[in-house]
Amino acid sequence: MLDTLGSLERSHTCGELREAQVGESVVLMGWVAKKRDFGVFTFIDLRDRHGLTQVVVSEETASEAHAKAKNLRGEFVIAVKGEVVSRADGTRNAKLATGDVEIKVSELLIFNDAKVPPFQLEVAGSENLASEDTRLKYRYLDLRRAALQQNIIMRAKAVKAIREYFDGRGFLEIETPILLKSTPEGARDFIVPSRIHTGKFFALPQSPQILKQITMIAGLDRYYQIARCFRDEDLRADRQPEFTQLDMEMSFVNREQVYREMEGMFNHVLKLIGVDLPSEWPRMTYAEAMRRYGSDKPDLRFGMELQDLSESLKETDFAPFADTLKAGGEIKAIVVKGKADYSRKQTDELQEFVRRYGAGALAWIKVGTASGSERVLNSSLTKVLGEPKIEELASKAGAGEGDAVLIVAGKKSVVAAALGALRNEVARRENLIDRSKYECLIVTEFPMFEHDEETDTYVAAHHPFTSPMDEDLELFRTGVNDPSQHHLLGQVRSKAYDAVINGYECAGGSIRIHQQEVQALNFKALGMSPESARERFGFFLDALEYGTPPHGGFAAGIERTCMILCGTENIRDVMAFPKTASAQDLMMDSPGEVDESQLKELGVKVT
RNA sequence: GGGGUCGUAGUUCAGUUGGUUAGAACGCCAGCCUGUCACGUUGGAGGUCGCGGGUUCGAGCCCCGUCGGCCCCGCCA
């Protein structure tokens, strides 16, 4: 027989009682985390989201409650009335915030029983936690674990801090619709059939990009929103089909003014974990980031910069290198300190790793020491390049005694991707990352276009409303209007930028095009006819013609920011109800089928 | 779309060159226990080895297919 709550009110949470409350009469409510039965008395660890408090039910002083406690099992929901008592010396628990006290129970209420959970919530040695799919199916149980609750709490704090920041800076929180129009461009849309307009569809926002720009045209001046976004693309450890971003836009601003808000917001949010970021973050152009780190989101918590060996190898007749250079590629390397003892197995593994990014091979030089102090060079290239050349390359790369040099040759994009990833991989393997450090960076001047080799076309590197750099405007005009100069588009830089913390792209944005003429040029550059541009973005092009102020903004990933705040590398750890890598919700078993009658009403047929 | 990896009790895992009745820990159930907090202790229950096919006298183990989890490449304006 279960008890009812009635008018009983809890007086404290399970995380707050201390020595100071000894003697007070209290009411706690929560879940049974653990029961330890000693016959004449029983200990219960009572849990809520605030913590754990030990309660004692004694046969001698509360026989009725003690008899009831016999029936308790894990995850039962109970209330205890009793007195806070100080624990005797030697029975205090230093591991518990409430460990100096316990509740001497006078009355026990059982509000609900519970089935035996399909997995253990807390296991000694957290590596024995049940597999993630089991926990996702019973997410409500997994969410009872303190570690996950702390993440959810941190996320709530982060969102609150973001609102605080923008509110304090005169920004208006404005909601934009979830039911939009599909603009087939970029990511795949999630589409929603319209019942009233049979055969027509809404699309869920990939981001509120156009709408926030329209709020600028509308004169709202400073907008922000905690916006849910949807992208029907394959998932990753840091990517989900629906996610949340802080979206902001402001009028009459240059890039530096947007950077200031980006820095200000992140600096405010990272205070939540006691991290002080510099008020002005370092800046680095995209070109420099790619050259030095092989990545547009370099992790600056460690060095190991890319070293260019192309110059030293321009005379080589070793075909793989010579061909690479002839084709406009490059040969670069990273130096791994103290790793001249890499085994063949290890370098093979790393070679396997870089091959994923399109690298043909991974060459290496190991600067070792023979018996005594004689310096010995060992390399996969000794036979083809000769000892003197190896010596030159090692010194060019900056390798000292005991170091390993890892070399990749190929197209610039491949070398950057392979070595950029290898740099992170090696740092992870060799534990080169100081987890207490937080290194931030603003990457600037992203290219306006990316070259698609298959079709020899230029596609927008950012969204198609990103403004080119003023300095590159002529280059842009020529590249668009003179077909023979089309390749110039590859050199046009944009006013797009990213905020990077610890190698995570936390935010990205740009100054937008606010003039119709430049916008039309951009659509042309992207291979869009005026007609198709009008069909897709007509309403927006119209809006641009009614007095658009110069404007720009950024969007920050809430989950990625929370991953940094929580120190996790998995996006599912900072979402209450995440989906699996195959975009399913194992708890509610979505996506699911719908009734034939629903489909009929919508005029939708499943083939 | 491609690659890697994993799938054995409720959970985490072990399981020998293919060989008798598939094990351990935790959890669960029942009893005992006056200070535990990874309680202790005695006893007990619990398995379609993801699923389907094949090879074999014999398959958890080998082969083929398939499903699912995780990670990566492509993709993510």
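Basis for what follows: all heavy atoms, side chains included, without hydrogens, waters or symmetry-related copies. In this text, all values refer to a predicted model and were calculated from it rather than measured experimentally. Naming convention: chains lettered A, B, ... in sequence-line order (proteins, then strands); numbering from 1 in each chain.
Side chain to side chain, A:His551 and A:Gln213 meet the donor-acceptor criterion of an N or O pair below 3.5 Å. A donor-acceptor contact closer than 3.5 angstrom is absent between the side chains of A:Gln519 and A:Gln515.
Between B:C76, B:G68, B:C71, one nucleotide has an atom nearer to the side chain of A:Gln584 than all others, and that is B:G68. Comparing B:C70, B:C37, B:C76 by their nearest atom to the side chain of A:Thr580 picks out B:C70. Distances from the side chain of A:Phe38 to the nucleotides B:C33, B:G69, B:C75 place B:C33 closest. For A:Glu60, the side-chain atoms get nearest to B:U34 when compared with the rest of B:U34, B:U36, B:A38. If you check B:C75, B:G10, B:A38 against the side chain of A:Arg236, the one that comes closest is B:C75. Counting only heavy atoms from C-beta on, A:Val40 has its side chain closest to B:U34 among B:C37, B:U34, B:C71.
The P atoms of B:G2 and B:U66 are separated by 10 Å, rounded to the nearest whole Å. The same atom, P, is picked in B:U21 and in B:A25; the two are 23 Å apart, to the nearest Å. If you take atom P in B:A22 and the same atom in B:G10, they sit 16 Å apart, rounded to whole Å. Nucleotides B:C62 and B:C71 have their C1' atoms positioned 28 Å apart, rounded to a whole Å. Comparing the C1' positions of B:A14 and B:A24 gives an interatomic distance of 7 Å, to the nearest angstrom. As rounded to the nearest Å, B:G23 and B:G44 have P atoms that lie 15 Å from one another. Spacing between B:G1 and B:U11 at atom C1', rounded to whole Å, works out to 35 Å. B:U41 and B:C63 are spaced 50 Å apart, taking the C1' atom of each and rounding to whole Å.
Here B:A25 sits opposite B:U11 as a Watson-Crick or G-U wobble pair (both hydrogen-bonding atom distances under 3.5 Å). Base pairing analysis places B:G68 opposite B:C6; the two distances defining the Watson-Crick or G-U wobble pair are each below 3.5 Å. In this structure, B:U56 forms no base pair with any nucleotide, since neither Watson-Crick nor G-U wobble geometry is met with both distances under 3.5 Å. Pair assignment for B:C33: none, as no Watson-Crick or G-U wobble contacts are both less than 3.5 Å. Pair assignment for B:C75: none, as no Watson-Crick or G-U wobble contacts are both less than 3.5 Å.
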I'd like to know whether A:Glu349 forms a salt bridge (charged side-chain N to carboxylate O under 4.0 Å, His left out) with A:Arg429, so could you lay out the CA-CA distance, the side-chain angles of the two residues, the decisive distance to 0.1 Å, and finally the verdict. CA-CA 12 Å; A:Glu349 269 174 25; A:Arg429 285 182 184 221; 2.9 Å; yes
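A salt bridge is defined here as a Lys NZ or Arg NE, NH1 or NH2 lying under 4.0 Å from an Asp or Glu carboxylate O, and A:Asp348 with A:Lys345 fails to meet this definition.
Spacing between atom CD of A:Gln120 and atom C1' of B:C28 amounts to 10 Å, rounded to whole angstrom units. Across the protein-nucleic acid pair, A:Glu242 atom CD and B:C76 atom C1' stand 16 Å apart, rounded to whole Å. Between the C1' atom of B:A38 and the CG atom of A:Leu96 lies a distance of 14 Å, rounded to the nearest Å. The distance from atom CG of A:Asp189 to atom C1' of B:C76 is 12 Å, rounded to the nearest whole Å. As rounded to whole Å, 11 Å separates atom P of B:C37 from atom CZ of A:Phe41. Distance, A:Leu46 CG to B:U36 C1': 16 Å, rounded to whole Å. Separating the NZ atom of A:Lys34 from the P atom of B:C39 is a distance of 4 Å, rounded to the nearest angstrom. Note: CZ (A:Phe119) to P (B:U12) measures 10 Å, nearest angstrom.
Among the atoms of the strands shown, none is found under 4.0 Å from any heavy atom of A:Ser58. A:Glu352 comes within contact range of no nucleotide atom at all, as no heavy-atom separation falls under 4.0 Å. Residue-level contact check: A:Asp232 touches neither bases nor backbone, having no heavy atom under 4.0 Å from any strand. Contacts of A:Ala461 with the nucleic acid, taken as non-hydrogen atoms under 4.0 Å apart, involve only primed sugar atoms and P, OP1 or OP2. At the heavy-atom level, A:Arg572 lies under 4.0 Å from the strands shown only through sugar-phosphate atoms. Here A:Gln54 lies in heavy-atom contact (under 4.0 Å) with a base. At a threshold of 4.0 angstrom between heavy atoms, the contacts of A:Phe465 with the nucleic acid are absent.
Residues A:His463 and A:Ser207 have side chains not in contact (no heavy-atom distance under 4.5 Å, counting atoms from C-beta outward). Looking at A:Pro117 and A:Tyr138, their side chains never come closer than 4.5 Å, going by heavy atoms from C-beta outward.
Comparing A:Ala237 and A:Lys70 by the nucleotide of RNA chain B that holds the closest heavy atom to each, the one mapping nearer the 5' end is A:Lys70. Summary of the strand contacts: A:Arg356 and A:Ser207 both lie near RNA chain B, and taking for each the nucleotide with the nearest heavy atom, the more 5' one is attributed to A:Arg356.
Remark: the A:Arg355 side chain and the B:C72 base include no donor-acceptor N/O pair separated by less than 3.5 Å. Within 3.5 Å, a donor on the side chain of A:Arg87 pairs with an acceptor on the base of B:C37, or the reverse. The base of B:C76 does not come close enough to the side chain of A:Arg231 for any donor and acceptor atom to sit less than 3.5 Å apart.
Taking the six-membered ring where tryptophan is involved, the planes of A:Phe41 and A:Phe38 are essentially parallel, since the angle between them stays under 30° and well short of 60°.
Aromatic ring centroids of A:Phe523 and A:Phe537 lie under 6.0 Å apart.
OP1 or OP2 of B:C39 has not a single side-chain nitrogen or oxygen of A:Lys35 nearer than 4.0 Å. Note on A:Ser131: every side-chain N or O is 4.0 Å or more away from OP1 and OP2 of B:U11. Using a 4.0 Å cut-off, no side-chain N or O of A:Thr91 falls inside it from OP1 or OP2 of B:U36. Using a 4.0 Å cut-off, no side-chain N or O of A:Arg73 falls inside it from OP1 or OP2 of B:G27.
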Exercise answer: donor-acceptor pairs, residues 97-106 of chain A side-chain atoms, under 3.5 Å, sequence neighbours excluded:
from, atom 1, to, atom 2, distance (Å)
A:Thr98, OG1, A:Leu52, O, 2.5
A:Glu102, OE1, A:Gln54, NE2, 3.0
A:Ser106, OG, A:Lys81, O, 3.1

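Both geometric conditions, a ring-centre gap below 5.5 Å and a plane tilt below 30°, are fulfilled for A:Phe43 over the base of B:U36.
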